[in-house]
Number of protein chains: 2
Amino acid sequence: MATDQLSKVFSALADPTRRDILARLGDGDANVTELAAPFPISLPAISRHLKVLEGAGLITRDRQAQWRTNSLRTESLEEATTWMQHLSHLWDDRFSRLDVHLSAMKQALENTDSDKTDIDKEEDDD
Amino acid sequence: MATDQLSKVFSALADPTRRDILARLGDGDANVTELAAPFPISLPAISRHLKVLEGAGLITRDRQAQWRTNSLRTESLEEATTWMQHLSHLWDDRFSRLDVHLSAMKQALENTDSDKTDIDKEEDDD
DNA sequence: TGGTTAATTAACCCTTATGTTAAATGCATG
DNA sequence: CATGCATTTAACATAAGGGTTAATTAACCA
């Protein structure tokens, strides 16, 4: 199993179901049953996915009554993003061909941060 | 196995050895033996890691003679970074709404003598 | 052709991941 | 206190991941 946090984060993000869950949480907190609804897999499976996300620091969970509210937490995500950008920049520094592409992409994102649709479009639920 | 590209990328990044390899490639192209050198694992293991990285589109490989030059390729990395940033922004957007609420509450708390960080999460959000 | 070097593939082992169903836990309430 | 609802844990099956050593492929060179 992944021992370091970065490995945990990437490992957590490697599953489309978990990415879908995160995207949904980006839209607002939700409990387990609500999160499970759109998926064809069992509740225990979702419960375990949530545990993985929590272990990666990507969500926090709050027991309220018999419900457990799940909330997005972006610190870990940012840590991972930073790592990736650092790598991109290493490469850019050597060849600086992708630099324009990257900057444009970043800028585009910053300009449209209220665009809250279709994060995860590859939908791999079999 | 991960079928979609994004899953493959994150899955590839979930392994510290593979991340180390990528970081090293950020410093310049290298062949398999060179890449394997710093690691305590066998050459076939490294070879397989490289295959995973290639499958995720994170490196390209070029057979030159009996050597295989491995090069970083950042497009996939950027795709993944974009996904993560998008998610972060979704959350930031939501959080900034919450922030107003928090500031108000903080102020209220400062007016009283309480030091508690007992902050309501927004519950009925949509 | 045969030898050397670089890298991969094959066959195997063990651990982890992901799913299932059934049982258990936690909590609210009649 | 029994019942119901939300969620987790247990026990299990199976697939995938990552490592090993041994054998194989590929390219170069004498």
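Since the structure is predicted, the reported quantities are computational estimates derived from the model, not experimental observations. Just so we're on the same page: letters track the sequence lines, and every chain starts at 1.
- Note on B/Leu50: nothing from the nucleic acid sits closer than 4.0 angstrom, heavy atoms only.
- Judged by distance alone, with hydrogens and angles left aside, the side-chain atoms of A/Thr69 form no donor-acceptor pair with the main-chain N or O of A/Ala30 at under 3.5 Å.
- The base of C/dG19 is paired with the side chain of A/Arg48 by a donor and an acceptor separated by under 3.5 Å.
- Closest contact between the side chain of A/Lys51 and the listed nucleotides D/dG19, D/dG18, D/dT9 involves D/dT9.
- The CZ-P distance, from A/Phe39 to C/dT20, rounds to 13 Å in whole Å.
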Would you sort out whether B/Asp29 and B/Arg68 count as a salt bridge (charged side-chain N to carboxylate O under 4.0 Å, His left out), showing the intermediate values? CA-CA 10 Å; B/Asp29 295 352; B/Arg68 217 181 235 278; over 6 Å; no
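- In this structure, A/Ile41 atom CD1 and C/dA17 atom C1' are separated by 12 Å, rounded to whole Å.
- When rounded to the nearest whole Å, the span between CZ of B/Arg18 and P of D/dG19 equals 8 Å.
- When the side-chain nitrogen and oxygen atoms of B/His49 are compared with OP1 and OP2 of D/dG17, none of them lie within a distance under 4.0 Å.
- The separation between A/Ile46 atom CD1 and D/dA6 atom C1' is 14 Å, rounded to whole Å.
- In this structure, B/Asp15 atom CG and C/dA17 atom C1' are separated by 15 Å, rounded to whole Å.
- At the phosphate of C/dT8, OP1 or OP2 sits under 4.0 Å from a side-chain N or O atom of B/Arg68.
- Contact detail for A/Ser7 and B/Pro16: the closest heavy-atom pair is OG-CD, 3.6 Å.
- Taking side-chain N and O atoms only, B/Arg63 has no distance below 4.0 Å to OP1 or OP2 of C/dA6.
- OP1 or OP2 of D/dA6 has not a single side-chain nitrogen or oxygen of A/Thr33 nearer than 4.0 Å.
- Listed candidates were D/dG18, C/dT20, C/dT9. Nearest to the side chain of B/Pro44 is C/dT9.
- Within the 4.5 Å cutoff, no side-chain heavy atoms of A/Arg19 are placed close to those of B/Met84.
- The side-chain heavy atoms of B/Lys51 and B/Ile59, taken from C-beta on, include no pair separated by under 4.5 Å.
- Between B/Ser42 and D/dG19, a side-chain N or O to OP1/OP2 separation shorter than 4.0 Å is absent.
- In this entry the distance linking CG of B/Leu13 with P of D/dG17 reads 14 Å, nearest Å.
- Phosphate contact (OP1/OP2 of C/dT8, side-chain N/O of B/Arg61, threshold under 4.0 Å): present.
- Here the P atom of nucleotide D/dT7 and the CD1 atom of A/Ile21 are 12 Å apart, to the nearest Å.
- A straight line from CG of A/Asn31 to P of C/dG26 spans 19 Å, rounded to a whole angstrom.
- The side chain of A/Trp67 lies closest to D/dA6 when the candidates are D/dA6, C/dT20, D/dT8.
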